[in-house]
Amino acid sequence: MRIVLLGPPGAGKGTQAERLSARLGVPHISTGDMFRENIENDTELGREAKRYSEAGDLVPDEITVTMVKDRLAQDDARHGFLLDGFPRNTAQADELDDVLRQLEQRLDAVLRFEVDDEELITRLTARGRSDDAEDAIRHRLKVYRQETEPLIEHYQDLLVTVEAAGPVDDITDRTMDALTREREH
Ligand code: AMP
């Protein structure tokens with residue numbers, strides 16, 4: 001299966017992606033993780049990405065899209081993937097559409113995780129990552145609303161919405177059920 005995960009920072013995309021990736025047998029591709037790994041290893045890409053991610057801004061499309069294209073070209077992504085954190089704006093979504101068209105592949109579903117704002121702030125503040133200072137959190141939520149939320153429209157026909165509140169296991173089960181239903185119709 002080829003799936004895109006959509007949802008605000010703090011919606012639990014990463015946690016669910018890990019679990020869904022194991023259940024579906026497709027790689028979890030997280031652009032946030034890729035950037036963090038590069039920042040940790042102090043690579044050129046990491047040094048470039050750092051100033052944006054620390055401010056809660058999106059890393060420029062050119063850098064991000066190149067990184068994702070390389071990753072999708074790897075063998076393990078040929079038969080499916082779970083994209084977590086990409087695309088983040090309509091330009092990236094258009095690029096992804098192009099890449100998939102060239103590979104003669106298409107997305108099976110876009111999973112949208114829904115959580116209310118108050119819960120998001122609580123979760124993010126508790127997480128304590130370096131880009132989780134309160135100002136940066138608010139900024140990232142704003143970026144999400146402005147840049148990423150329009151993708152809901154872009155992916156209208158593929159959208160599968162999951163209520164992402166409550167116990168982690170329940171959310172995974174609900175997501176798997178929703179995907180199965182989507183596949184059947
Ligand atoms: P995440 O773990 O998905 O919240 O990503 C952490 C940070 O990495 C984001 O705040 C952005 O600075 C950067 N990032 C991750 N994915 C993307 C993307 N698709 N486009 C631009 N920047 C991204």
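Counting convention: from 1, in listed order, for ligands and their atoms alike. Keep in mind it's a predicted model, so treat the numbers as computed, not measured. Index from 1, following the sequence.
In the model, His154 has a side-chain atom that pairs as donor or acceptor with a side-chain atom of Asp97 under 3.5 Å.
Under a 4.0 angstrom heavy-atom cut-off, Arg36 registers as being in contact with ligand 1.
Of all protein heavy atoms, the one closest to atom 11 (C) of ligand 1 is Asp57 O, 3.5 Å. Nearest to atom 7 (C) of ligand 1 among the protein's heavy atoms is Ser53 CB, 4.0 Å. Atom 19 (N) of ligand 1 has Gly85 O, 2.8 Å as its closest protein atom, hydrogens excluded (heavy atom only). Scanning all protein heavy atoms for the shortest distance to atom 13 (C) of ligand 1 gives Phe35 CD1, 3.7 Å. With respect to atom 20 (N) of ligand 1, the closest heavy atom belonging to the protein is Gln92 NE2, 2.9 Å. The shortest contact between atom 9 (C) of ligand 1 and any protein heavy atom is with Arg88 NH2, 3.5 Å.
A salt bridge is absent between Arg88 and Asp61; no separation between the charged side-chain nitrogens and carboxylate oxygens falls under 4.0 Å. A salt bridge between Asp75 and Arg78 is present, with a side-chain N of the basic residue lying under 4.0 Å from a carboxylate O of the acidic one. One finds no salt bridge joining Asp117 and Arg138 here, because no Lys/Arg side-chain nitrogen approaches an Asp/Glu carboxylate oxygen to under 4.0 Å. A salt bridge links Asp76 with Arg71; the closest basic N to acidic carboxylate O contact falls under 4.0 Å.
A side chain to side chain contact (heavy atoms under 4.5 Å, CB included) with Ile29 is found for exactly one of Leu72, Val68, Leu5, Leu82, namely Leu72.
Taking a 6.0 Å sphere around CZ of Arg145, one finds it holds more than 12 heavy atoms contributed by other residues, nucleotides or ligands. For Glu119, the CD atom is densely surrounded, since the number of other residues' heavy atoms within 6.0 Å is greater than 12.
If you number the atoms of ligand 1 from 1 as listed, the ones under 4.0 Å from a heavy atom of Thr31 come out as 15 (C), 16 (N), 17 (C), 19 (N). Atoms of ligand 1 found under 4.0 Å from any heavy atom of Arg140, numbered from 1 in the order shown, are 4 (O), 10 (O). Those atoms of ligand 1 that come under 4.0 Å of a heavy atom in Thr64, given as number and element, are 18 (C), 19 (N), 20 (N), 21 (C).
Polar contact check, Val59 against ligand 1: a nitrogen or oxygen pair lies under 3.5 Å apart. Close N/O approach between Phe86 and ligand 1 is not found [any backbone or side-chain N/O within under 3.5 Å].
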